[in-house]
Trainee: 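This is the structure I want to talk about, given as structure tokens.
Just so we're on the same page: letters track the sequence lines, and every chain starts at 1.
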Amino acid sequence: MTTKSKKDQVPEQTSADFSGLVPVSKGSRVYLIDGSGYIFRAFHALPPLTRPSDGLPVGAVHGFCQMLWKFLRETKASEAPTHMGVIFDAGRETFRNEIYPKYKAQRPPPPEELIPQFPLIRDAVRAFNVACIELDGYEADDLIATYARMAVDVGGDVTIVSSDKDLMQLVRPGVTMFDGMKSKRIGRDEVIEKFGVPPEKVVDVQSLAGDSIDNVPGVPGIGIKTAAELIAAYGDLDSLLAHAGEIKQPKRREKLIEFAEQARISRSLVLLKDDVVLATAIEALGVRDPHVDALLAFLRAMEFNTLTKRIAVGLGAEVPPPLAVSVGASVKAPPQQAKTRDLETIEEAAPVEASPAAAVAAGAAIARAEGVDRSKYEAVTTRARLEDWICRAREAGRVAFDTETTDLNAVDAELVGLSLAIASGEACYVPLGHTGPSGDLFGGEDNRPQQLDAEEALALLRPLLEDPSVLKIGQNIKYDMLVMKRRGIEIAPFDDTMLLSYALDGGRGQHGMDALAERHLGHMCMTFAQAMGHAPGAKKSDKTFAAMPLDKATEYAAEDADVTMRLWMTLKPRLAAEHMTTVYETLERPLVPVIVGMEHAGIKVDRDILSRLSNTFAQRTVRLEEEINGLVGHKFNLGSPKQLGELLFDRLKLPGGKKTKSGQWETRANLLDDLAANEELDGDARRLINTMLEWRQMTKLKSTYTDALPAYINAETGRIHTSYALGATTTGRLASSDPNLQNIPIRTKEGREIRTAFIADKGMKLVSADYSQIELRVLAHVADIPQLKKAFAEGLDIHAMTASEMFGVPIKDMPAEVRRRAKAINFGIIYGISAFGLANQLGISREEAGDYIKTYFQRFPGIRDYMDATKKQVHAHGHVETIFGRRIHYPEINTKNPSMRGFLERAAINAPIQGSAADIIRRAMIRMPAALKIAKLPSAKMLLQVHDELVFEVADSDASALIKTACRVMETAAEPAVKLSVPIHVDAKAADNWDEAH
DNA sequence: ATCGTGGCATA
DNA sequence: GTATGCCACGATG
């Protein structure tokens with residue numbers, strides 16, 4: 001086993017021992033590569049390139065890989081670097097924006113094609129096994145300055161690979177720059193040539209000259225030439241400004257006096273910070289050999305055929321076979337050499353079929369090679385052992401991570417322990433908060449098992465969890481991110497096996513770990529009950545993870561991390577092979593931190609309002625109950641549909657009774673409504689039914705909402721923190737639970753009262769922004785229905801238009817009933833209409849409903865075409881797609897059971913419509929935090945999503961600005977990936993509570 | 001305690 | 001007719 005041999009080389013485990021870390025000392029040759037510079041150059045200097053199979057833009061990734069490979073080869077041969085790192089800018093906002101808000105403010109956002117390539121390029125760096133470094137709040141240049149200083153301090157030799165003039169201030173003895181494009185060293189002389197002053201005065205010159213690209217103001221009218229002249233004459237900026245009055249030229253003198261402060265601000269912007277507190281130690285930059293398999297798999301997945309071969313040959317590795325190629329993948333990069341062409345031809349000739357691609361097979365094979373052996377897991381209880389695991393995670397560049405807590409609800413959960421896995425079968429558990437076997441109030445303390453102090457362990461783990469060069473892999477990592485966020489740790493970068501499965505296999509089953517382990521690894525995970533069964537504690541409620549003995553906890557927890565790592569190895573390669581990278585990278589993964597923020601924020605709820613409503617509902621319930629008992633003459637359980645059905649249809653022999661499939665009398669509200677409308681009924685029976693309906697409404701509102709919600713108010717925050725499931729629905733919608741805040745009543749007056757309990761904090765407003773008719777608009781677009789598109793373009797009442805088109809009634813003074821029918825039909829269309837369902841909905845005969853549908857199809861023939869095409873597609877391929885490429889599978893679609901098939905066909909018709917709408921709001925949500933930041937709305941927080949509605953909380957004074965930004969983001973969310981052929985409209989309103997805001 | 005069923009809240 | 005989650009009941013273990 002690799003673990004063993006590695007450990008064998010390290011006889012002692014002490015806190016100072018970081019196997020794999022290489023200290024920097026005299027003679028070290030440290031290479032710091034300006035990653036962002038590389039990216040932009042790769043992007044702009046090279047022609048655009050898209051991945052043949054799915055059109056994902058990958059030009060910058062390709063150029064970057066090419067440049068990095070060339071650089072690695074050349075320097076390895078000539079200069080033998082000892083340390084190397086690629087350093088990236090982390091985000092738009094840095095500490096410089098605090099000094100000067102306009103810094104880099106006018107810089108346009110990166111081109112759309114470049115955005116999905118940023119994470120891929122980081123993946124590439126990791127695959128090359130080069131340290132991949134970034135830090136929130138700092139520019140790459142500051143990190144480079146810091147590493148350079150550290151290296152020089154101990155006598156190392158630094159090369160900064162960049163041609164950015166902003167880095168020239170760092171040149172000094174021991175530090176040179178290298179322009180990879182021109183293959184030219186930049187030393188002291190070259191800096192003097194560029195700036196007219198030596199490197200140590202570059203900052204002074206830049207402070208005067210400013211920089212229009214970065215929006216560094218400088219002093220107007222002074223460029224590099226003049227600045228250099230002045231600095232040469234006066235020595236430095238401060239002396240110059242002190243003696244500004246002595247300057248001969250009047251214009252120059254006045255400007256220097258007037259803009260002295262601006263020059264000083266400019267200096268603080270230009271001066272690089274060389275004492276950043278780093279997340280990645282410089283020792284971790286030690287040069288390592290590439291991960292050959294990972295690198296080649298990555299290049300294959302990107303479909304860089306020539307580059308894959310070139311690098312495979314360069315590494316002396318076997319050229320991996322190409323991935324399974326789909327129909328559209330015949331376009332290949334032209335071969336560059338005769339020799340390459342031969343290889344290409346051989347590859348083309350090789351049989352390529354729909355079987356799993358080589359990378360996929362390889363990943364799955366490793367994941368399954370050895371069965372899960374719980375006895376091999378380690379319980380980590382010493383600092384030294386934890387440091388060893390962290391170190392190995394760093395070396396591997398990735399780690400599966402899982403937390404164990406006291407509660408399934410992440411905002412209430414207390415951390416009990418966490419597990420790590422570095423490779424298949426290599427996993428450990430770090431207990432932190434176990435109470436021990438007799439976990440009662442009195443004896444618990446003494447029985448606490450020996451374990452690391454939580455604070456100490458987290459302090460060691462934080463740099464790993466936040467290390468941009470180590471990928472953290474989780475299963476439903478949203479949960480772990482929330483738990484860690486509450487301890488001040490932001491996990492990044494990450495992958496989520498649940499979301500990988502969701503993107504790949506939506507509709508093919510559940511995406512929980514147990515289901516995935518069984519499906520992909522043939523492994524049955526230990527259940528919580530199994531592990532817990534061995535713990536003492538009479539009451540179920542006592543059985544939290546904290547009480548579990550360490551041996552069982554280790555088996556259970558480490559297995560989770562092990563299985564997660566194996567699932568990642570199985571699923572991640574499929575992403576590229578099955579062309580789901582764009583879906584995962586643009587619709588799934590980026591949503592996780594957004595949801596984490598929303599769940600963390602929660603929404604304020606007024607306990608008193610709910611309690612008052614509960615009382616009102618209780619009183620009304622009692623009165624209704626008395627009335628019903630009086631009418632019936634004896635007591636029965638009103639909440640039992642069985643008893644009610646027997647009363648109405650067996651004893652009172654009321655007409656129109658229908659049975660459910662289990663033989664019970666049906667007593668749904670719909671049916672009771674019809675029953676009450678029946679002329680044959682006497683007054684008492686009618687009163688009974690109507691009272692019963694009212695009783696049901698009252699008890700529903702009370703039990704599901706006003707009684708249940710207060711229990712969810714978090715004691716610390718006073719707010720309700722719902723949980724959003726990201727992989728629960730087949731269509732791409734989110735699901736809300738614990739509590740479900742996506743089904744808070746709105747239709748009835750009494751129900752809507754409940755919404756008044758959802759309030760904004762003091763000095764704040766709630767803003768609700770909702771898409772108008774989003775699904776019908778999507779339908780108009782995907783089915784290409786001219787009348788619908790025209791109606792939306794003109795802002796007409798869409799249901800009235802439908803009614804007018806179908807029944808020939810003028811829109812003006814249209815009877816409400818006519819419009820209601822048209823509305824029902826419109827919804828029916830979205831749901832994959834059937835005469836049976838429409839008849840049910842409208843309370844008309846099946847024949848009449850069938851006629852409506854016929855008329856509808858005559859007036860809008862495109863709808864029938866769309867439905868037929870969708871059915872054809874799903875039968876032929878077993879899946880349908882949203883407009884953004886999300887796939888929804890229907891593996892059972894060809895079932896012989898006709899009613900089942902009908903159901904699946906309707907679901908398949910609905911899925912692209914509901915799913916595309918879900919994707920649109922996902923895109924809006926993903927963009928929202930950055931948009932709020934740019935719009936300078938730090939008080940605004942997104943709190944809730946209700947399928948076509950987003951709820952925000954914002955300072956009173958910013959409400960109207962938020963409405964503007966939120967609407968813009970939501971209305972343009974489909975772009976630029978898809979330009980809809982209908983306008984998208986969003987309504988938004990601010991108020992003190994959710995009822996008034998909606 | 002846990003499960004299936006009926007019923008009902010939302011988009 | 002689509003997509004969810006939660007409640008109470010009543011039968012099961």
Side-chain angles (χ1 to χ4, degrees), chain A residues 507 529 539-541 543 636-645 658-672 692-693 695-709 712 722-725 728-748 750-752 754-755 770-776 779 824-842 846 849-850 852-853 867 870 880 888 899 902-915 917-918 921 944-949 998:
Chain A
K539 275 186 292 172
K540 178 84 183 179
S541 56
K543 294 193 172 184
F636 75 105
N637 189 345
L638 308 202
S640 167
K642 187 163 175 282
Q643 291 183 34
L644 179 67
K658 279 193 234 169
K659 296 240 175 141
T660 67
K661 58 171 175 279
S662 66
Q664 264 192 57
W665 290 110
E666 199 182 325
T667 64
R668 292 187 293 97
N670 223 331
L671 187 133
L672 294 190
M692 195 63 224
L693 284 168
W695 183 90
R696 281 218 181 131
Q697 200 206 348
M698 286 305 125
T699 50
K700 171 80 178 177
L701 294 178
K702 185 168 181 290
S703 67
T704 308
Y705 301 105
T706 58
D707 284 353
L709 287 173
Y712 286 99
T722 183
S723 175
Y724 287 103
T729 71
T730 44
T731 53
R733 275 190 175 183
L734 305 182
S736 157
S737 68
D738 312 291
N740 181 356
L741 294 187
Q742 289 179 325
N743 70 346
I744 302 301
I746 192 164
R747 280 169 221 235
T748 67
E750 291 85 356
R752 202 158 53 227
I754 293 165
R755 293 196 168 218
D770 66 300
Y771 283 106
S772 150
Q773 308 284 10
I774 181 85
E775 292 189 353
L776 275 176
L779 174 71
I825 296 168
N826 275 335
F827 277 105
I829 296 296
I830 292 174
Y831 299 153
I833 204 152
S834 78
F836 181 84
L838 184 64
N840 242 338
Q841 175 70 29
L842 285 175
R846 193 114 47 107
Y852 280 1
I853 295 170
M867 290 184 163
T870 306
V880 292
I888 298 133
S899 70
F903 171 76
L904 292 174
E905 283 171 351
R906 289 191 299 275
I909 288 169
N910 171 256
I913 303 167
Q914 188 184 115
I921 197 166
L944 303 179
Q945 189 251 42
V946 193
H947 309 308
D948 64 358
E949 173 191 11
H998 190 80

Trainee: Side chains of A/Met698 and A/Glu750: closer than 4.5 Å at any heavy-atom pair?
Mentor: yes
Trainee: Nearest-Å distance, CD1 (A/Ile909) to P (C/dA3)?
Mentor: 12 Å
Trainee: Respond yes when some side-chain nitrogen or oxygen of A/Arg747 is under 4.0 Å from OP1 or OP2 of B/dT10, and no when none is.
Mentor: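 It does, given that an N or O in the side chain of A/Arg747 lies less than 4.0 Å from OP1 or OP2 of B/dT10.
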Trainee: Which parts of nucleotides 7-13 of chain C does protein reach within less than 4.0 Å, heavy atoms only, written one letter per nucleotide 5' to 3' as B for base, S for sugar-phosphate only and - for none?
Mentor: SSSS---
Trainee: To the nearest Å, how far apart are A/Ile744 CD1 and B/dA9 P?
Mentor: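 Value for this atom pair: 12 Å.
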Trainee: The criterion is ring-ring contact (aromatic ring centres under 6.0 Å, His included); which residues satisfy it with A/Tyr852, sequence neighbours excluded?
Mentor: A/Phe807
Trainee: Categorize A/Ala917 for me: base, sugar-phosphate, or nothing, with a 4.0 angstrom heavy-atom threshold over every strand shown.
Mentor: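 Nothing: the residue A/Ala917, judged by heavy atoms under 4.0 Å, touches no strand.
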Trainee: Using atom CD of A/Gln841 as one end and atom C1' of C/dT2 as the other, report the distance to the nearest whole Å.
Mentor: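 So the two atoms are 12 Å apart, to the nearest Å.
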Trainee: Atom CG of A/Asp707 to atom C1' of C/dC6: distance rounded to whole Å?
Mentor: 13 Å
Trainee: So, does the side chain of A/Gln742 form a donor-acceptor pair with the base of C/dT4 at under 3.5 Å?
Mentor: no
Trainee: Go through B/dC8, C/dT2, B/dG6 for me and flag the one nearest to the A/Phe903 side chain.
Mentor: C/dT2
Trainee: What heavy-atom pair brings A/Ala708 and A/Ser703 nearest, and what distance separates the two atoms?
Mentor: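 Closest pair (atom of A/Ala708, atom of A/Ser703, distance): CB-O, 3.5 Å.
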Trainee: Classify A/Ile829 by what it touches in the nucleic acid, base, sugar-phosphate, or nothing, heavy-atom distance under 4.0 Å.
Mentor: nothing
Trainee: In whole angstroms, how far is the P atom of C/dT2 from the CG atom of A/Leu838?
Mentor: 13 Å
Trainee: Rounded to whole Å, please give me the gap between CG in A/Leu709 and P in B/dA9.
Mentor: 15 Å
Trainee: Using a 4.0 Å heavy-atom cut-off across all strands, classify A/Ser736 as base, sugar-phosphate, or nothing.
Mentor: sugar-phosphate
Trainee: Flag this pair as yes if the NZ/CZ of A/Lys642 is under 6.0 angstrom from the six-membered ring centre of A/Trp665 and inside a 45 degree cone about the axis; otherwise no.
Mentor: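 No, cation not above the ring by the 6.0 Å, 45° rule.
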Trainee: Among B/dA11, B/dA9, B/dG7, which nucleotide has an atom closest to any side-chain atom of A/Pro745?
Mentor: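 My answer, after comparing the listed nucleotides, is B/dA9.
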Trainee: With the side chain of A/Asn740 defined as its heavy atoms from C-beta on, choose the nearest nucleotide among B/dT5, B/dG7, C/dG5.
Mentor: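 Looking only at heavy atoms from C-beta outward on A/Asn740, the closest nucleotide is C/dG5.
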Trainee: Donor-acceptor pair, distance only, cut-off 3.5 Å: does the side chain of A/Ser736 make one with the backbone of A/Leu741?
Mentor: yes
Trainee: A/Thr722 side chain to A/Asp738 main-chain N or O, any donor-acceptor pair under 3.5 Å?
Mentor: no
Trainee: When you measure from the side-chain N and O atoms of A/Arg906 to the phosphate of C/dT2, is any distance below 4.0 Å, counting only OP1 and OP2?
Mentor: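 Checking A/Arg906 against C/dT2: at least one side-chain N or O falls below 4.0 Å of OP1 or OP2.
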Trainee: Go nucleotide by nucleotide along DNA chain C from the 5' end; which of A/Pro739 and A/Thr731 gets its closest nucleotide reached first?
Mentor: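 Between the two, 5'-proximity favours A/Thr731.
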Trainee: Using a heavy-atom cut-off of 4.0 Å across all strands, would you classify A/Ala849 as base, sugar-phosphate, or nothing?
Mentor: nothing
Trainee: Can you tell which of C/dA3, B/dA11, B/dG7 lies closest to the side chain of A/Ala907?
Mentor: C/dA3
Trainee: What's A/Ile746 touching, base or sugar-phosphate or nothing? Going by heavy atoms closer than 4.0 Å.
Mentor: sugar-phosphate
Trainee: Applying a 4.0 Å non-hydrogen cut-off, can you work out what A/Ile833 is touching in the nucleic acid: base, sugar-phosphate, or nothing?
Mentor: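 It contacts base atoms.
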Trainee: Measure the shortest side-chain to side-chain distance between A/Leu776 and A/Ile830 over non-hydrogen atoms and say whether it is less than 4.5 angstrom.
Mentor: yes
Trainee: Can you find a side chain N or O atom of A/Arg696 that sits less than 4.0 Å from OP1 or OP2 on B/dC8?
Mentor: yes
Trainee: Touch check for A/Glu775, heavy atoms < 4.0 angstrom, all strands: base, sugar-phosphate only, or nothing?
Mentor: nothing
Trainee: Could you check which of B/dA11, B/dT10, C/dT4 has an atom nearest any side-chain atom of A/Tyr831?
Mentor: B/dA11
Trainee: Return no unless some side-chain N or O of A/Thr730 is found under 4.0 Å from OP1 or OP2 of C/dT4.
Mentor: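 Yes, A/Thr730 has a side-chain N/O under 4.0 Å of OP1/OP2 on C/dT4.
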Trainee: Of the listed nucleotides (C/dG5, B/dG6, C/dT2), which one gets closest to any side-chain atom of A/Asn743?
Mentor: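 Nucleotide nearest to A/Asn743's side chain: C/dG5.
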Trainee: Look at A/Ser662 and B/dG4 and indicate whether a side-chain polar atom (N or O) is within less than 4.0 Å of OP1 or OP2.
Mentor: no
Trainee: Between A/Tyr724 (OH) and B/dA11 (P), how many Å, whole number?
Mentor: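 Spelled out: OH on A/Tyr724 to P on B/dA11 is 13 Å.
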Trainee: Check whether any side-chain heavy atom of A/His947 lies under 4.5 Å from a side-chain heavy atom of A/Ile921, and answer yes or no.
Mentor: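 No. Closest side-chain heavy atoms not under 4.5 Å.
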Trainee: Run the side-chain contact (heavy atoms from CB on, under 4.5 Å) test against A/Lys700 and tell me which residues pass, sequence neighbours left out.
Mentor: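 Per chain and number, A/Lys700 pairs via side-chain contact (heavy atoms from CB on, under 4.5 Å) with A/Thr704.
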Trainee: Nearest whole angstrom, please: distance from the P of C/dC6 to the CG of A/Leu701.
Mentor: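 So the CG-P distance, A/Leu701 to C/dC6, works out to 17 Å.
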Trainee: Using a heavy-atom cut-off of 4.0 Å across all strands, would you classify A/Ser834 as base, sugar-phosphate, or nothing?
Mentor: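 If one applies the 4.0 Å heavy-atom cut-off, A/Ser834 turns out to touch a base.
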